[in-house]
Protein chains: 2
Amino acid sequence: MRPGAHRPSVPLEHRHVIRRIPQARERGIPDATVARLPLYLRALNGLAERGTPTVSSEDLALAAGVNSAKLRKDLSHLGSYGTRGVGYDVQYLIYQISRELGLTQDWAVAIVGVGNLGRALANYGGFVSRGFRVAGLLDADPEVVGDRIAGLVVEHTDELESVITERGVSIVVIATPATAAQHVCDRVIAAGVTSILNFAPVVLAVPDGVDVRKVDLSIELQILAFHEQRKASGGPIMAEEWPDGVVM
Amino acid sequence: MRPGAHRPSVPLEHRHVIRRIPQARERGIPDATVARLPLYLRALNGLAERGTPTVSSEDLALAAGVNSAKLRKDLSHLGSYGTRGVGYDVQYLIYQISRELGLTQDWAVAIVGVGNLGRALANYGGFVSRGFRVAGLLDADPEVVGDRIAGLVVEHTDELESVITERGVSIVVIATPATAAQHVCDRVIAAGVTSILNFAPVVLAVPDGVDVRKVDLSIELQILAFHEQRKASGGPIMAEEWPDGVVM
DNA sequence: GTGCCTTTGTGAAGCCATGCACAAAGTGAG
DNA sequence: CTCACTTTGTGCATGGCTTCACAAAGGCAC
Ligand SMILES: NC(=O)c1ccc[n+]([C@@H]2O[C@H](COP(=O)([O-])OP(=O)(O)OC[C@H]3O[C@@H](n4cnc5c(N)ncnc54)[C@H](O)[C@@H]3O)[C@@H](O)[C@H]2O)c1
Ligand SMILES: NC(=O)c1ccc[n+]([C@@H]2O[C@H](COP(=O)([O-])OP(=O)(O)OC[C@H]3O[C@@H](n4cnc5c(N)ncnc54)[C@H](O)[C@@H]3O)[C@@H](O)[C@H]2O)c1
């Protein structure tokens, strides 16, 4: 996950070589930083709603749940948008981060697989709130096709390619059973999509240049279980036993 | 996220100091490794279903979508469970990883907030399939309380503490609106819960020793949008313009 | 037993991310 | 203008993670 797949040939040999301008603002924002920008954006929107005009890195870091040095370094990758002694202008920073993330434009999203999860996603308001527009709901089940959900009519997956091309869909959400996910994935890629959000518990095989992000509830729970067990068993030393019945 | 919060006082000064036994199997599995173990487990279960008795690190890595050296290093943190020249015994490895993750026991999970998302989660089969049992559904809305979902009756959040303590709930899933999440979080922690999976788009404040993992659809989409924009705008060099109307 | 083949387990190197600590830069009072 | 104060932007050190590459280990044939 989080593959280095993108950025295959982005030059990264500046920064320590010549340093042409004071800020290192010439592309190549670290993945870790990109993953935190939405967090900052959310915190900034909260501040903006309360009318706060400027915010220090310390306060914003607190609101976003990160270290303030990390926040400043992250923002420095976008450019020098703060004022020393004052902080960051909330509105201006919202604009800059939004622009960097590509949220100043509208993204058409299609959801494939309108079951329990797909319906929840379709009804989700937080989707639309930030430049993402659900432009299509698709399912293979004739029982489901024709249902009206959140103002959209579910279409048959036969229409997948035409929906994608005709409505300019650039991001596809896969919420089908695991068995169907790779097939759907292949089709949407063939139709030109290069950004996929996958909820099915499978590793999707995709060509270079296609970004897949996955959300896997089961994995999150298992990670929690690991730490929970660790806490319960009272410290780092554990019984070393395992059944001898299991043979290698 | 992924806080270093847990493991506050775990000694990690071995490994490069004395090396008491050939394998470094004395606790302290890296977070990055823990996060991949469920992936390996899933791949192994697929192999087991097809009756495959053993698997090489190369093949398993392929199925899990990782580098084979990384896979071997990850597994070496659990112990020396492979056979050189042969590979890993599928059943045995499933058992070892399950044990390490704490999946040999049953975990009682409560879901708080039974709206669109909460219902989807409650109906999700992949939940139960791996040692997780939904032991309670709770909501604050009297309209929702009493509904029967996936064999469970939704209870009122007034019952939150008693449900947690009486049914031995150790993991809580928060699927309430963002505004209610911190309040719910505080209550479940007061009731003794130390593992939380949060779907609400807020940074939860929790004391040390409590693990929070979050799933945020909106963040994933924004990350995809970032890369999508990068692809579309034809390479690392971009127009440097921004509206002069916006003043700092 | 001997020798060949396969595959693991891990040292070592390189890369990336984190966080400290501070100089530079800006504000505002007097 | 000067000075004290605040806060940014970043050099640097540290540590963790990834990947390569290979010696060690086991299986198997004869
Ligand atoms: N529900 C959850 O909370 C949850 C959580 C984590 C992961 N998931 C995963 O998300 C996926 C969907 O979960 P769900 O609970 O909504 O399942 P679901 O069975 O309720 O819905 C799946 C939908 O996909 C449709 N479908 C099947 N094949 C298709 C195809 N080839 N093309 C298009 N549509 C197709 C089905 O008709 C159905 O409507 C599953 O892979 C599941 O493992 C679900
Ligand atoms: N639906 C999605 O696809 C989706 C995706 C990502 C994130 N989220 C987030 O997940 C959360 C739930 O989303 P949803 O679509 O299910 O919303 P929803 O409004 O459908 O459901 C929220 C439920 O929480 C209940 N609730 C409110 N206050 C409560 C309280 N104090 N205690 C217990 N229950 C309470 C409500 O009665 C309601 O049933 C939201 O924070 C949302 O932002 C949802």
Side-chain angles (χ1 to χ4, degrees), chain A residues 1-5 7 10 12-17 19 21-25 28-37 40 53-62 64-89 92-93 96 248, chain B residues 1-5 7 10 12-17 19 21-25 28-37 40 53-62 64-89 92-93 96 248:
Chain A
M1 83 225 63
R2 288 169 186 75
R7 198 168 32 132
V10 169
L12 45 108
E13 62 274 1
H14 15 60
R15 199 168 336 200
H16 286 297
V17 182
R19 205 142 71 82
I21 51 175
Q23 315 97 296
R25 194 218 184 305
I29 299 177
D31 282 353
T33 295
V34 173
R36 281 187 295 265
L37 291 180
Y40 304 152
T54 63
V55 65
S56 70
S57 63
E58 200 71 49
D59 291 350
L60 183 54
L62 194 71
V66 302
N67 177 299
S68 72
K70 183 151 60 180
L71 174 95
R72 287 198 298 276
K73 187 152 288 186
D74 283 343
L75 294 183
S76 78
H77 284 119
L78 312 191
S80 201
Y81 296 143
T83 307
R84 297 173 190 226
V86 176
Y88 300 89
D89 182 278
Y92 188 62
L93 197 52
Q96 288 299 344
M248 186 62 207
Chain B
M1 82 226 59
R2 289 170 185 73
R7 197 168 31 131
V10 170
L12 44 108
E13 61 274 2
H14 15 61
R15 197 164 343 195
H16 285 298
V17 182
R19 203 141 73 81
I21 50 174
Q23 314 96 298
R25 192 216 184 306
I29 298 178
D31 282 352
T33 295
V34 172
R36 282 187 295 265
L37 290 180
Y40 304 153
T54 63
V55 65
S56 70
S57 63
E58 200 71 49
D59 291 350
L60 183 54
L62 193 72
V66 302
N67 177 300
S68 72
K70 183 150 61 179
L71 173 90
R72 288 198 297 277
K73 186 148 286 187
D74 283 344
L75 294 184
S76 78
H77 286 119
L78 312 190
S80 201
Y81 296 144
T83 307
R84 295 173 190 226
V86 176
Y88 300 88
D89 181 278
Y92 187 64
L93 197 51
Q96 289 298 344
M248 185 61 207

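Within every chain, numbering begins at 1; the chains are lettered A, B, ... in the order of the sequence lines, protein sequences first and strands thereafter.
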Pairwise N/O distances under 3.5 Å, protein to nucleotides 1-7 of chain D:
from  : atom 1 : to      : atom 2 : distance (Å)
D:dT7 : O4'    : A:Gly85 : N      : 3.0

Q. Can you check the A:Leu78 CG to D:dG9 P distance for me, whole Å?
A. 10 Å

Q) What's the CZ-P distance between A:Arg36 and C:dA17, to the nearest Å? A) 8 Å

Q: Between A:Asp74 and B:Glu58, name the one whose nearest nucleotide on DNA chain C is closer to the 5' end.
A: B:Glu58

Q. Atom CG of B:Leu71 and atom C1' of D:dT19: how far apart are they, to the nearest Å?
A. 13 Å

Set out, line by line, the N/O atom pairs under 3.5 Å between protein and nucleotides 13-15 of chain C.
none

Q.
What is the separation between atom CG on A:Asp31 and atom P on D:dC17, rounded to the nearest whole Å?
A. 17 Å

Q: Enter the distance from B:Tyr92:OH to B:Thr83:OG1 here, rounded to the nearest 0.5 Å.
A: 10.0 Å

**Q.** Distance (rounded to the nearest 0.5 Å) between A:Leu62 CG and A:Asn67 CG
**A.** 11.0 Å

Q.
Angle between the end axes of the helix from C:dG1-D:dC30 to C:dG30-D:dC1, five pairs per end, to the nearest 10 degrees?
A. 10°

Q. Base, sugar-phosphate alone, or nothing: which one does B:Ala69 contact when heavy atoms must sit under 4.0 Å apart?
A. base

Q) OP1, OP2 of D:dC17 versus side-chain N and O of B:Asn67: anything below 4.0 Å? A) no

(Q) Let's test your reading of the model: under 3.5 Å, does the base of C:dG9 pair with the side chain of B:Lys73 as donor and acceptor? (A) no

Report each atom pair, protein N/O against N/O of nucleotides 28-30 of chain C, whose distance is under 3.5 angstrom.
none

Q. What are the two closest heavy atoms between A:Ala61 and A:Ser68, and how far apart are they?
A. CB-CA, 3.5 Å

(Q) Tell me the closest heavy-atom pair linking A:Tyr40 and A:Leu60, and the distance in Å. (A) O-CD1, 4.3 Å

Q: To the nearest 0.5 Å, tell me how far B:Leu75 CG sits from B:Thr33 OG1.
A: 9.0 Å

**Q.** Reported OG1-to-CG distance for the pair B:Thr54 and B:Leu93, which is rounded to 0.5 angstrom
**A.** 11.0 Å

Q: Figure out the NZ/C1' separation between A:Lys70 and D:dG15, and round it to whole Å.
A: 13 Å

Q. Residues two or more places apart in sequence or in another chain: which of them pass side-chain hydrogen bond (donor to acceptor under 3.5 Å, both in side chains) with A:Ser56?
A. none

Q: Check the distance between C:dC16's P and A:Ile29's CD1 and give it to me in whole angstrom.
A: 15 Å

Q.
Show me the pairs that pass salt bridge (Lys or Arg N to Asp or Glu O under 4.0 Å) and involve residues 79-88 of chain A, at least two apart or across chains.
A. none

**Q.** Side chain of B:Ser76 (C-beta onward), nearest among D:dT19, D:dT18, C:dG9
**A.** C:dG9

Q.
On a heavy-atom basis, which atom in A:Arg36 and which in A:Asp74 lie closest, and how many Å separate them?
A. NE-OD2, 2.6 Å

